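Shown next, in structure tokens, is the structure this report addresses.
All figures in this text were calculated on a predicted structure; none of them were measured in a lab.
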Amino acid sequence: MKRTPGRRRLLQRSFAAGASLLLSACDRLTLNQPFSDLMKNAQWLSRAAQDRLAGPHALAQEFSPAEIREPFRPNGTLMPAGAAYQALLADGFAHWRLRVDGLVRTPLDLSLTQLRAMPRRTQITRHDCVEGWSCIGQWSGVQLARVLAQAQPMPRARYVVFHCADQMEEGDPGSLYYESIDLDDAFHPQTLLAFELNGRALPVENGAPLRLRVERQLGYKHAKYVMRVELVESFAQLHGGQGGYWEDQGYEWYAGI
Ligand SMILES: Nc1nc2c(c(=O)[nH]1)N[C@H]1C(S)=C(S)[C@@H](COP(=O)(O)O)O[C@H]1N2
Ligand SMILES: [Mo]
């Protein structure tokens, strides 16, 4: 199956099969092959449907403070192994820097202090994990759009890749968690590089010191422990070539909710 077929064709081909999946995108079960193929159709259907129903700049729902559930349920890596991360953690991330590079005119190295000094956005949103649980939390951080505006992406740049500090298989540097989004999501106002959760510094189990929030997509897109933001034209040469750690295991790249 081609990865990026035209939307019109996909709408015709997969509407009947995909409509129920669209309504219950969080309920997926196993990754048997026909189901996985169907989801590869359904992801473009859900993207097309999101755009058609709500427009590409529609906001994800936001909630009231009373709806926050604490503590925020953590998942995946809870503490990155490895001396480099441990050293950064030991001094409260004073020596941590966010590298922004790739297809940009101005590569950046931003400290946490610099990020915290930028205009920030706070939002209360619901995190939906593909495993079937949700949790509402309040996130504060810098809109990714502001960081990109400083870095000045080149016209060729099409995707933003997030390189994380945690290895998914111990001792295998090739198994670093990573994720990618397109520029629509990158410049969306609710897409944050978040450094606070529920009014406090981001806990280690939730991705300290910095994690992505990309509110119109499922939990695995929300990269934790972000070390480097790279602008690319294509992610085909990166790791397994599917644009993310879980995508390389068969999950869809556009994980619209
Ligand atoms: N670096 C990294 N990011 C990650 C993961 C991970 O294991 N490592 N897990 C993903 C998954 S599946 C989910 S549901 C969310 C969980 O975020 P939380 O721990 O704050 O709940 O992070 C996502 N981002
Ligand atoms: Mo998840």
_is_close_aromatic(His127, Phe72), centroid dist under 6.0 Å_ = yes
*asked:* Tell me if a side-chain donor or acceptor on Ser234 pairs with a main-chain N or O of Ala236 at a distance below 3.5 Å.
replied: yes
_So that I can tick it off, tell me whether Asp101 and Arg228 are bridged by a salt bridge, with the cut-off set at under 4.0 angstrom between side-chain N and carboxylate O._
yes
*Check whether any side-chain heavy atom of Val229 sits under 4.5 Å from a side-chain heavy atom of Val147, and report yes or no.*
no
*asked:* Run His222 and Glu179 through side-chain contact (heavy atoms from CB on, under 4.5 Å) and show every step you take.
replied: CA-CA 8 Å; His222 301 233; Glu179 258 305 339; over 6 Å; no
*Is there a path from Met79 to Met227 through hydrophobic residues (I, L, V, M, F, W, Y) whose side chains come within less than 4.5 Å of each other?*
yes
*Looking at the rings of Tyr177 and Tyr225, which for Trp means the six-membered one, are their centres under 6.0 Å apart?*
no
*Between atom CG of Asp128 and atom OH of Tyr220, what is the distance when rounded to the nearest 0.5 Å?*
12.0 Å
*With a 4.5 Å limit on heavy-atom distance, are the side chains of Trp246 and Val130 in contact?*
no
*asked:* Determine whether a donor-acceptor pair (N or O, by modelled atom type, separation under 3.5 Å) exists between the side chain of Gln143 and the backbone of Pro189.
replied: yes
*Side-chain contact test, heavy atoms from C-beta onward, threshold under 4.5 Å: evaluate it for Leu210 versus Phe162 and give yes or no.*
no
*May I ask you to check whether Tyr159 and Trp253 place their ring centers less than 6.0 Å from one another?*
yes
*To the nearest 0.5 Å, how far apart are CE in Met118 and CG in Leu110?*
7.0 Å
*Pair Phe93 and Tyr85, ring centroids less than 6.0 Å apart*: yes
*List the atom of Gly102, the atom of Glu230, and the distance in Å for their closest heavy-atom pair.*
CA-CG, 4.1 Å
_Is any side-chain heavy atom of Leu144 closer than 4.5 Å to one of Ile181?_
yes
*Would you call Pro203 and Leu197 a side-chain contact if the rule is heavy atoms closer than 4.5 Å?*
yes
*Flag the pair Lys224 and Glu205 as a salt bridge only when some basic side-chain nitrogen lies within less than 4.0 angstrom of an acidic carboxylate oxygen.*
no
*Transitive ILVMFWY side-chain link Val232 to Val226, under 4.5 Å*: no
_Please give me the minimum heavy-atom distance between Ala201 and Arg116, naming the atom from each residue._
CB-NH2, 4.0 Å
_Beyond-backbone contact of Leu202 with Arg211, side-chain heavy atoms, under 4.5 angstrom_ = yes
*Do NZ/NE/NH1/NH2 and the carboxylate oxygens of Arg158 and Glu233 come within less than 4.0 Å?*
no
*Under the side-chain contact (heavy atoms from CB on, under 4.5 Å) criterion, do Trp139 and Ile124 qualify, and how do the steps go?*
CA-CA 6 Å; Trp139 304 96; Ile124 302 174; over 6 Å; no
*asked:* Would you say His188 and Asp184 are linked by a side-chain donor-acceptor pair, where the criterion is simply a distance under 3.5 Å?
replied: no
*Tell me, do Val104 and Met154 make a side-chain contact under 4.5 Å, heavy atoms counted?*
no
*Looking only at heavy atoms, what is the nearest atom pair of Asp248 and Gly243, with distance?*
OD1-N, 4.1 Å
*So, Arg200 and Glu70, do they make that salt bridge, N to O below 4.0 Å?*
yes
*Joint cluster assignment, Leu108 & Trp96, ILVMFWY side-chain distance < 4.5 Å*: yes
*To the nearest 0.5 Å, tell me how far Cys135 SG sits from Asn206 CG.*
8.5 Å
*Is it true that the side chains of Glu62 and Gln190 contain a donor and an acceptor less than 3.5 Å apart?*
yes
*Taking all atoms of both residues into account, what is the closest heavy-atom pair of Glu252 and Tyr254, and its distance?*
CG-O, 3.3 Å
_I'd like to know if the side chain of Asp166 reaches the main chain of Pro80, judged simply by a donor and an acceptor atom lying under 3.5 Å from each other, with no hydrogens or angles considered._
no
*Side-chain contact, heavy-atom cut-off 4.5 Å: Phe235 with Glu247?*
no
*Hey, does the side chain of Ser111 reach the backbone of Gln114 with a donor-acceptor pair shorter than 3.5 angstrom?*
yes
*asked:* Quick one about Gln152 and Thr106 (side-chain donor to acceptor, distance below 3.5 Å, no hydrogens or angles considered), yes or no?
replied: yes
*Taking all heavy atoms of Leu148 and all of Pro153, pick out the closest pair and write down the distance.*
O-CD, 3.2 Å
*Classify the angle between the aromatic ring planes of Tyr178 and His163 as parallel (below 30°), tilted (30 to 60°) or perpendicular (above 60°).*
parallel
*With rounding to the nearest 0.5 Å, note down the distance linking NZ in Lys221 to CZ in Arg213.*
13.5 Å
_Return the CG to OG distance between Leu231 and Ser180, rounded to the nearest 0.5 Å._
12.0 Å
*Could you please spell out the steps behind the side-chain contact (heavy atoms from CB on, under 4.5 Å) verdict for Phe63 and Arg126?*
CA-CA 8 Å; Phe63 296 82; Arg126 193 189 61 225; 3.7 Å; yes
*Start with the C-alpha distance between Leu89 and Val204, add both sets of side-chain angles, then the distance that settles side-chain contact (heavy atoms from CB on, under 4.5 Å), and finish with yes or no.*
CA-CA 9 Å; Leu89 174 61; Val204 167; 3.6 Å; yes
*asked:* When you compare the side chains of Gln123 and Glu215, does any donor N or O come within less than 3.5 Å of an acceptor on the partner?
replied: yes
*Distance from Leu88 atom CG to Arg97 atom CZ, nearest 0.5 Å?*
9.5 Å
*asked:* Show the nearest heavy-atom pair for residues Arg121 and Leu192, with the distance to one decimal.
replied: O-CD1, 3.7 Å
*Decide if the gap between the ring center of Tyr245 and the ring center of His239 is smaller than 6.0 angstrom.*
no
*Would you mind checking if Asp185 and Arg216 are paired as a salt bridge, meaning a charged N to carboxylate O distance below 4.0 Å?*
yes
*In terms of heavy-atom contacts, does CZ of Arg99 have more than 12 from other residues, nucleotides or ligands at under 6.0 Å?*
yes
*Between Gln217 and Val214, is there a donor-acceptor pair closer than 3.5 Å when you use the side chain of the first and the backbone of the second?*
no
